[in-house]
Enquirer: 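One structure, as structure tokens, below. Some questions next.
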Amino acid sequence: IYKFDGVPLRQPSKEAQTLSQYNYFGGKSEEEFWGSNSCFLISDEYLAYEQNGCSKEVYPNRPKVFLIGDSHSAYLGRGMRALMAEEKMNLYQFSSAYCVPMSVHDKRDRCKKINEYILNKIKQEKPDIIVLSVNYLRTEVEPAYGESIPYDQFILEKTIELKKMGATKILVIGQMPTWDISLPKNLARRFLAKGRELPVRTHEGIVPNSLDWDRRLRENHYPNNVTYLSLKNLLCDTSGCITQVGNQLETDLIVFDYGHLTQSGADFVTRNLIAKHIY
């Protein structure tokens, strides 16, 4: 019963099977999923950004948009890339796993060099827009965290610094509302296994601290042309947080695990939150 998230005969079989066997990577490893020329560095060093063409100007004399952050920025980038192509804007992506974004005091040498590289790129290119996307929940609890102030305050100070470096506009994307265990397992165990219909929104399984991070970041007094964009306000209301953005369970869950956006989720966030702020 536990293995199959309840008695199968009591569940809508297609939905139960889809959720109990949910595998967003299609049986691939994450490295295989992203391929060898990705701008999401899972274990590579900073030089891979150059080798993989992550700061290649595709549209001459058009705005340069820097997407910076951890794995959350990588999955968001799958939605942003299509929008940037439509608007003929240059997307320069610098996503890296297992690092504290923007921190040159990260205690891991790989991460320190990655963050130094990104800051130098900002100084050189003076981007029109910087989009910062982070799983803030992990930052301060990371043993390699080397900043002397809380990360929400670090972000505020860093936006001031980035403006001085020449960035015209900065979009700080808020904390993704995250799910304990994972969204598919939550839906299977809390709803299907108990004979309940799958909800479009729910509070059940949401990690409260992920919503608290939205408050922490929103209360910062950011400088001019720095805009905080709340994922909580976009995805959650009094009835709960969005679980899916379409009718196909196989593709339209908002996230595929605890908080990484699916392709459908990334498209939804890009179109409904980011698009109006890129001009």
Side-chain angles (χ1 to χ4, degrees), residues 40 63-84 86-87 89-95 100-102 118 122 127-139 150-163 167-179 201 206-238 240-243 245 254-255 258-279:
F40 172 37
K64 297 175 182 177
V65 180
F66 276 40
L67 175 60
I68 299 170
D70 54 19
S71 58
H72 282 227
S73 73
Y75 288 93
L76 175 61
R78 301 185 73 220
M80 284 189 60
R81 195 162 294 279
L83 178 65
M84 296 294 97
E86 289 174 17
E87 301 298 332
M89 292 181 169
N90 295 289
L91 181 63
Y92 292 5
Q93 183 173 350
F94 306 102
S95 302
V100 178
M102 309 299 291
I118 293 170
I122 293 170
D128 298 277
I129 303 172
I130 293 176
V131 179
L132 182 63
S133 174
V134 180
N135 180 22
Y136 303 92
L137 280 172
R138 286 183 58 91
T139 54
Y151 194 68
D152 55 315
Q153 292 302 304
F154 169 79
I155 289 296
L156 174 60
E157 292 190 2
K158 189 57 67 174
T159 60
I160 296 171
E161 179 183 335
L162 295 177
K163 291 284 293 176
T168 303
K169 180 189 291 188
I170 301 170
L171 304 179
V172 178
I173 310 299
Q175 173 64 45
M176 183 72 194
T178 60
W179 305 83
R201 291 177 179 270
I206 285 288
V207 176
N209 196 27
S210 68
L211 303 183
D212 185 59
W213 261 97
D214 175 80
R215 176 193 56 77
R216 291 178 59 178
L217 291 160
R218 183 167 22 89
E219 289 179 352
N220 277 339
H221 296 291
Y222 297 102
N224 290 338
N225 292 323
V226 177
T227 304
Y228 176 68
L229 302 182
S230 172
L231 285 170
K232 175 179 176 288
N233 287 352
L234 175 69
L235 302 177
C236 307
D237 61 20
T238 55
C241 298
I242 290 175
T243 61
V245 295
I254 186 73
V255 298
Y258 73 91
H260 289 105
L261 292 165
T262 61
Q263 180 68 64
S264 296
D267 291 339
F268 181 85
V269 169
T270 298
R271 303 291 174 175
N272 291 280
L273 186 67
I274 297 174
K276 64 186 74 172
H277 294 280
I278 65 170
Y279 305 107

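Everything quoted here is computed from the prediction, not taken from an experiment.
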Enquirer: How close do C236 and L211 get, heavy atom to heavy atom, and via which atoms?
Expert: SG-CD2, 4.4 Å

Enquirer: Applying ring pair (Phe, Tyr, Trp, His ring centres under 6.0 Å), name anything that partners W179, two or more places apart in sequence or on another chain.
Expert: none

Enquirer: Among residues at least two apart in sequence or on other chains, which ones pass side-chain hydrogen bond (donor to acceptor under 3.5 Å, both in side chains) with Q175?
Expert: N135

Enquirer: May I ask you to test the P101-Y136 pair for a side-chain heavy-atom distance under 4.5 Å?
Expert: no

Enquirer: Nearest 0.5 angstrom please: L132 CG to L76 CG, how far?
Expert: 10.5 Å

Enquirer: Just to verify, what does E87 make a salt bridge (charged side-chain N to carboxylate O under 4.0 Å, His left out) with, not counting sequence neighbours?
Expert: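 Expected list: none.
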
Enquirer: Would you compute the distance between atom NZ of K163 and atom OG1 of T168 and round it to the nearest 0.5 angstrom?
Expert: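 Atom-to-atom, K163:NZ and T168:OG1 are 6.5 Å apart.
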
Enquirer: How about I122 and F94: do any of their side-chain heavy atoms sit closer than 4.5 Å?
Expert: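 Counting from C-beta outward, I122 and F94 never come under 4.5 Å.
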
Enquirer: CG of L235 to CG of D214: how many Å apart, nearest 0.5 Å?
Expert: 10.5 Å

Enquirer: Is the ring pair Y222/Y228 parallel, tilted or perpendicular, if the boundaries are 30 and 60 degrees?
Expert: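 Answer is parallel, since the angle falls under 30°.
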
Enquirer: So, using side-chain hydrogen bond (donor to acceptor under 3.5 Å, both in side chains) as the criterion, who are the partners of K158 when residues are at least two apart?
Expert: E161

Enquirer: Considering only heavy atoms from C-beta outward, does the side chain of V255 approach that of T178 to under 4.5 Å?
Expert: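 Side-chain contact under 4.5 Å: no.
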
Enquirer: Taking salt bridge (charged side-chain N to carboxylate O under 4.0 Å, His left out) as the cut-off, I'd like each qualifying pair that reaches into residues 266-279, sequence neighbours left out, listed once.
Expert: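 Checked against salt bridge (charged side-chain N to carboxylate O under 4.0 Å, His left out) - neighbours excluded - the pairs reaching residues 266-279 are E86-R271.
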
Enquirer: Below 6.0 angstrom between ring centroids: does that apply to H260 and Y258?
Expert: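 Between Y258 and H260, which both carry aromatic rings, the centre distance is below 6.0 Å.
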
Enquirer: Could you measure the distance from the CZ atom of R216 to the CG atom of N209? Nearest 0.5 Å is fine.
Expert: 7.5 Å

Enquirer: Would you indicate whether the side-chain heavy atoms of M102 and I130 approach each other to under 4.5 Å?
Expert: no

Enquirer: Are any of the side-chain heavy atoms of V172 and N220 separated by less than 4.5 Å?
Expert: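 Counting from C-beta outward, V172 and N220 never come under 4.5 Å.
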
Enquirer: Take I274 and I173, measure what side chain to side chain contact (heavy atoms under 4.5 Å, CB included) needs, and give me the verdict at the end.
Expert: CA-CA 9 Å; I274 297 174; I173 310 299; 4.1 Å; yes

Enquirer: Is any side-chain heavy atom of M176 closer than 4.5 Å to one of V269?
Expert: no

Enquirer: Less than 4.5 Å apart, any side-chain heavy atom of I278 and any of L83?
Expert: yes

Enquirer: What closest approach, in Å, do L67 and G77 show between heavy atoms, and which atom pair accounts for it?
Expert: CD2-CA, 3.5 Å

Enquirer: I need the L231 CG to S133 OG distance, nearest 0.5 Å.
Expert: 7.0 Å

Enquirer: Would you check, one step at a time, whether the test side chain to side chain contact (heavy atoms under 4.5 Å, CB included) holds for E219 with D152?
Expert: CA-CA 9 Å; E219 289 179 352; D152 55 315; over 6 Å; no

Enquirer: Please report the shortest heavy-atom distance between T159 and P223, naming the atom on each side.
Expert: OG1-CD, 3.7 Å

Enquirer: Drop me the distance from D128's CG to Y279's OH, to the nearest 0.5 angstrom.
Expert: 14.0 Å

Enquirer: Take atom CZ in R218; do more than 12 heavy atoms of anything else shown fall under 6.0 Å from it?
Expert: yes

Enquirer: Would you indicate whether the side-chain heavy atoms of V134 and Y151 approach each other to under 4.5 Å?
Expert: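 Sidechains of V134 and Y151: in contact.
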
Enquirer: How far apart are the C-alpha atoms of I254 and L261, what are their side-chain angles, what is the distance that settles it, and do they pass the side chain to side chain contact (heavy atoms under 4.5 Å, CB included) test?
Expert: CA-CA 6 Å; I254 186 73; L261 292 165; 4.2 Å; yes

Enquirer: Which atom names give the shortest non-hydrogen contact between R81 and Q93, and what distance separates them?
Expert: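 That would be NH2-OE1, 2.7 Å.
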
Enquirer: How close do P177 and S210 get, heavy atom to heavy atom, and via which atoms?
Expert: CA-OG, 3.7 Å

Enquirer: Kindly write out the residues that satisfy ring pair (Phe, Tyr, Trp, His ring centres under 6.0 Å) with F40, not counting sequence neighbours, or none if the list is empty.
Expert: W34

